[in-house]
**Student:** 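I am attaching a structure below and will ask some questions about it afterwards.
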Amino acid sequence: MSFGVYQDYYTRIYLTNYPPSAISWIGALTSFLAVNVTLISGPLYDRGWFYQLMVVGSLLQSLSLFVLSFAKPGQFYLAFIFQGVLAGFGMGLSYAPSIAVVSQHFSRRRTLVMSLVTSGAPLGSMIHPIMLNYLLNGTIGFARGVRASAGFVSALLLIACLSIRTRGLPVPTVSYTVVARKCSREVLFILMTIGSTLFQIGFYFPVVYLQLDSTKHDIDITFSFYSLVIMNAACFLGRCTAGAIAAYTGVLNLTITSTVACSAIIISMIALSDVASVVVLGLTYGYFSGVFVALIVPLVAVLTPDLSELGARMGICFTFTAFGGLLGGPISGALLGSQYRWLMASLFSGLISLVGSSMFVVMRLVIYCRGINGNHL
């Protein structure tokens, strides 16, 4: 969630020979692999490989940042390999297991607890962008700044690996192919996957480009460095409150609300012009995007009748949704171009997200028309 700092730094200083659309492929590939590798880590988690996945994933994330520090100005390919491929693969190995393991310990308030667990990412992202901005743009420089960031991240990953415990689940007797075949016949699961994929094409636009948008509108550079911090602070609040609100509204209803709100806010980025607009956009988008992220895993969980299949179902769903994140950043960057046409990029990202939101509305209509017991949704 701190890649927006790198996007801004690479575009203005370190990789100036490359357009924003090319640079955004680094963050897009990281997000793609972080989610898409759950196709591998999900089934392995179901088979009891939790600790191995966490350790290997953490080591790859630490290694990727340390070797990234050796990249020189203009060496796009090294940043792409280390930050895009290596870090993304490491995140993908550890992301799904670290979230899914919560379902082993809680049954009654699973949605609330899982939303609280996901709030850790924006909590860290309230600190990490500040650290990165001052390291990269200060006297420390890129190499030593990235190494300091790598040490910070490695220490946190070590704490996570030592703290998380799992309760043994029986090894699933159903194969991954059988689970995939089940999902292909479930209308609600299909609609959720399509909706999430389309929504995430536009979802990352503010995350990647808000800081750059702020600096290109001649807003104070120091304040622009805090734009992502404002967004992540609101995102933390959104993730923390999502579970409690969903207990009253239902997971699906709150997902609909959050995705529609995010779509409208992305379109509203057309109006970004001063400090006040950055604050309003950052706070509102941060909150509702946090609600969505906190609810996507619980939404998969409530559509999973057998929790021994949860890892596989997360892998199947996230395999498709990852393509949304992969395509969104580069498409928005291409629409921006060297002239930074924010109108086209904002409209495209907002409208495609709104189309994704409509799929969740269709889910609710299907539940109503078929008389499905959707109280848990």
Side-chain angles (χ1 to χ4, degrees), residues 35-36 38-39 42 96 99-100 103 109-112 114-115 118 179-204 238-239 241-267 287-307 309-325 327-328 349-377:
V35 177
N36 209 27
T38 56
L39 190 64
I99 301 298
S103 64
R109 299 185 177 179
R110 185 178 293 130
T111 299
L112 173 62
M114 292 177 85
S115 66
T118 61
V179 176
R181 195 174 296 119
K182 282 184 183 179
C183 294
S184 67
R185 293 193 296 264
E186 297 178 9
V187 176
L188 293 179
F189 186 88
I190 294 172
L191 288 172
M192 176 193 66
T193 303
I194 294 173
S196 299
T197 302
L198 293 173
F199 178 75
Q200 291 200 36
I201 293 177
F203 175 81
Y204 288 101
R239 296 196 192 193
T241 58
I245 298 173
Y248 295 96
T249 64
V251 177
L252 181 56
N253 290 337
L254 189 56
T255 300
I256 293 171
T257 302
S258 63
T259 53
V260 171
C262 284
S263 303
I265 296 166
I266 293 172
I267 296 174
Y287 180 80
F288 285 108
S289 64
V291 170
F292 168 75
V293 173
L295 293 180
I296 189 62
V297 174
L299 187 57
V300 176
V302 296
L303 293 175
T304 302
D306 183 357
L307 283 180
E309 300 175 355
L310 179 59
R313 284 176 175 260
M314 287 175 62
I316 293 168
C317 176
F318 292 165
T319 296
F320 290 98
T321 60
F323 283 97
L327 297 173
S349 300
L351 291 176
I352 195 69
S353 295
L354 192 60
V355 174
S357 305
S358 67
M359 294 297 104
F360 296 112
V361 177
V362 175
M363 283 180 67
R364 175 53 68 195
L365 293 175
V366 169
I367 292 172
Y368 176 78
C369 293
R370 292 189 176 185
I372 299 174
N373 182 9
N375 292 333
H376 61 296
L377 287 171

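Since this is a predicted model, take the numbers as computed values, not measurements.
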**Student:** Quick one: side chain to side chain contact (heavy atoms under 4.5 Å, CB included) partners of Ile194, sequence neighbours excluded?
**Tutor:**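 Ile194 satisfies side chain to side chain contact (heavy atoms under 4.5 Å, CB included) with Ile190, Leu198, Met359 once adjacent residues are dropped.
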**Student:** Please state whether the rings of Phe360 and Phe292 are parallel, tilted or perpendicular, taking 30° and 60° as the class boundaries.
**Tutor:**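 Plane angle over 60°, so perpendicular.
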**Student:** Going from CZ on Phe203 to CD1 on Ile266, what distance comes out if it is rounded to the nearest 0.5 angstrom?
**Tutor:**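 Between Phe203 CZ and Ile266 CD1, I get 8.0 Å after rounding to 0.5 Å.
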**Student:** What closest approach, in Å, do Ile265 and Phe288 show between heavy atoms, and which atom pair accounts for it?
**Tutor:**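 Nearest heavy atoms, Ile265 then Phe288: CD1-CD1, 4.0 Å.
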**Student:** Quick check for you: to the nearest 0.5 Å, what is the distance between Leu252 atom CG and Ile367 atom CD1?
**Tutor:**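 Reported to 0.5 Å precision, the distance equals 5.5 Å.
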**Student:** Please tell me if the side chains of Val291 and Thr257 come closer than 4.5 Å, counting only heavy atoms from C-beta onward.
**Tutor:**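 Val291 does not reach Thr257 side chain to side chain.
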**Student:** Could you tell me whether the side chain of Leu351 reaches within less than 4.5 Å of the side chain of Val355, counting heavy atoms only?
**Tutor:**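 In short, these two side chains do not touch, never coming nearer than 4.5 Å.
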**Student:** Considering non-hydrogen atoms only, spot the tightest contact between Arg239 and Gly290 and give its length.
**Tutor:**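 It is CG-O, 3.1 Å.
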**Student:** Write down the atom of Leu295, the atom of Ala246, and the distance for their closest heavy-atom approach.
**Tutor:**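 Taking every non-hydrogen atom into account, CD2-CB, 4.0 Å.
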**Student:** Taking Ser357's backbone N and O only, do any of them form a donor-acceptor pair with Thr259's side chain (distance below 3.5 Å, no angle check)?
**Tutor:**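 Not at all, since once roles are kept as given, no pair shorter than 3.5 Å links the two residues.
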**Student:** Taking all heavy atoms of Ile267 and all of Gly350, pick out the closest pair and write down the distance.
**Tutor:**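 Here Ile267 and Gly350 meet closest at CG1-CA, 3.6 Å.
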**Student:** Among all residues two or more places apart in sequence or in another chain, which pass the side chain to side chain contact (heavy atoms under 4.5 Å, CB included) test with Thr321?
**Tutor:**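 Result, side chain to side chain contact (heavy atoms under 4.5 Å, CB included) vs Thr321: Val35, Ser196, Thr197, Gln200, Cys317, Phe318.
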**Student:** Return the minimal non-hydrogen interatomic distance between Leu303 and Glu186, and the atom names on each side.
**Tutor:**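 In terms of heavy atoms, the two residues are closest at O-OE1, 4.0 Å.
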**Student:** Output all residues satisfying side-chain hydrogen bond (donor to acceptor under 3.5 Å, both in side chains) with Ser349, sequence neighbours left out; order by chain, then residue number.
**Tutor:**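 side-chain hydrogen bond (donor to acceptor under 3.5 Å, both in side chains) list for Ser349, sorted by chain: Ser332.
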**Student:** At their closest point, which heavy atom of Phe199 faces which heavy atom of Ser263, and how far apart are they?
**Tutor:**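 Result for this residue pair: CE1-OG, 4.0 Å.
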**Student:** Just verifying a value: how many Å separate Tyr204 OH and Leu327 CG, rounded to the nearest 0.5 Å?
**Tutor:**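 One gets 12.5 Å once the value is rounded to the nearest 0.5 Å.
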